Amino acid sequence: MDLLPFLGTLGLGALGGAVAGSIITQVMTNARDRRAQRVAFVKQQLEQFYGPLLAARREIKARSELRVRLQEALIEPPAVGDIDAHVRAMDANVDDENQTFREVMMPRYREMISIFRDKMWLAEPATREFFGELIEFVDVWDKILNKKLPNWIASRINHTEANLHPLYAHLEETHDRLRREVS
């Protein structure tokens with residue numbers, strides 16, 4: 001029996017198997033590398049864009065809800081006690097809330113604009129659509145607070161935080177989706 005043709009066939013088969021194995025390994029390695037790059041990018045989106053925006057939004061929401069609860073509690077005068085003291089407490093709370101809005105809330109909104117502007121490249125296309133609404137909200141309030149526009153203009157142009165609710169919902173949904181993707 002002549003072994004040379006048999007060994008030649010065996011050699012070609014082994015060579016073909018080695019080439020196929022190498023190609024499969026390369027395809028799998030490339031897919032793993034692409035997945036790792038995607039996960040790294042999503043982590044960056046979460047850490048530098050969606051996470052900070054959502055945190056600012058949650059702080060604004062918590063402070064707004066507290067403001068409403070305090071206002072509701074202060075509306076009803078105490079059953080017994082000094083009505084003048086109650087009115088003074090209401091006035092003091094209004095002054096405090098105005099100061100909180102100027103010194104805490106508005107800087108948080110401005111911080112959101114800065115994050116958007118500085119990290120826009122991390123935002124998904126649908127998120128970028130909300131940037132103008134956020135700028136409008138902040139600019140109008142800045143003009144009102146700096147007495148460049150009268151207070152009544154806000155109601156005339158339907159300027160309320162409700163205009164930002166679609167942005168807030170989008171941030172929550174996108175943040176949660178990206179977190180699931182990384183997990």
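Model, not experiment: these values are computed from the prediction.
- For the residue pair Arg180 and Ser183, no side-chain donor N or O sits within less than 3.5 Å of a side-chain acceptor on the partner.
- At least one side-chain heavy atom of Leu66 sits under 4.5 Å from a side-chain heavy atom of Arg69.
- Once rounded to the nearest 0.5 Å, the distance linking CG of Leu122 with OG1 of Thr127 reads 10.5 Å.
- Every pair tested for ring-ring contact (aromatic ring centres under 6.0 Å, His included) that includes a residue from residues 51-86 fails, sequence neighbours excluded, so the list is empty.
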Contacts table for residues 99-106: side-chain donor-acceptor under 3.5 angstrom, sequence neighbours left out:
from	atom 1	to	atom 2	distance (Å)
Gln99	NE2	Glu103	OE1	3.1
Gln99	NE2	Glu103	OE2	3.4
Thr100	OG1	Asp96	O	3.0
Arg102	NH1	Leu145	O	3.4
Arg102	NH2	Leu145	O	2.7

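- The CD atom of Glu111 sits 11.0 Å away from atom CG of Asp118, with the distance rounded to the nearest 0.5 Å.
- The CZ atom of Arg57 lies 12.0 Å from the CG atom of Leu134; values are rounded to the nearest 0.5 Å.
- Atom CZ of Arg179 has 12 or fewer heavy atoms from other residues, nucleotides or ligands within 6.0 Å.
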Practice item. Evaluate the criterion salt bridge (Lys or Arg N to Asp or Glu O under 4.0 Å) for residue pair Arg63 and Glu59; output intermediate values, then yes/no. Key: CA-CA 6 Å; Arg63 290 178 186 277; Glu59 179 184 352; 3.0 Å; yes
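- Residue Leu149 holds its CG atom at 7.5 Å from CD1 of Ile157, rounded to the nearest 0.5 Å.
- Considering CZ of Phe41 and CG of Leu178, their distance stands at 9.0 Å, rounded to 0.5 Å.
- Side-chain contact between Gln45 and Thr174 is absent, with no heavy-atom pair separated by less than 4.5 Å.
- No side-chain heavy atom of Phe131 sits under 4.5 Å from any side-chain heavy atom of Leu167.
- Phe137 and Met120 fall within a single hydrophobic cluster, where Ile, Leu, Val, Met, Phe, Trp and Tyr are joined by side-chain heavy atoms under 4.5 Å apart, directly or via other members.
- Salt bridge annotation for Arg58-Glu172: present, with a cationic side-chain nitrogen under 4.0 angstrom from a carboxylate oxygen.
- Side-chain contact, Tyr168 with Glu161: a donor N or O sits under 3.5 Å from an acceptor N or O.
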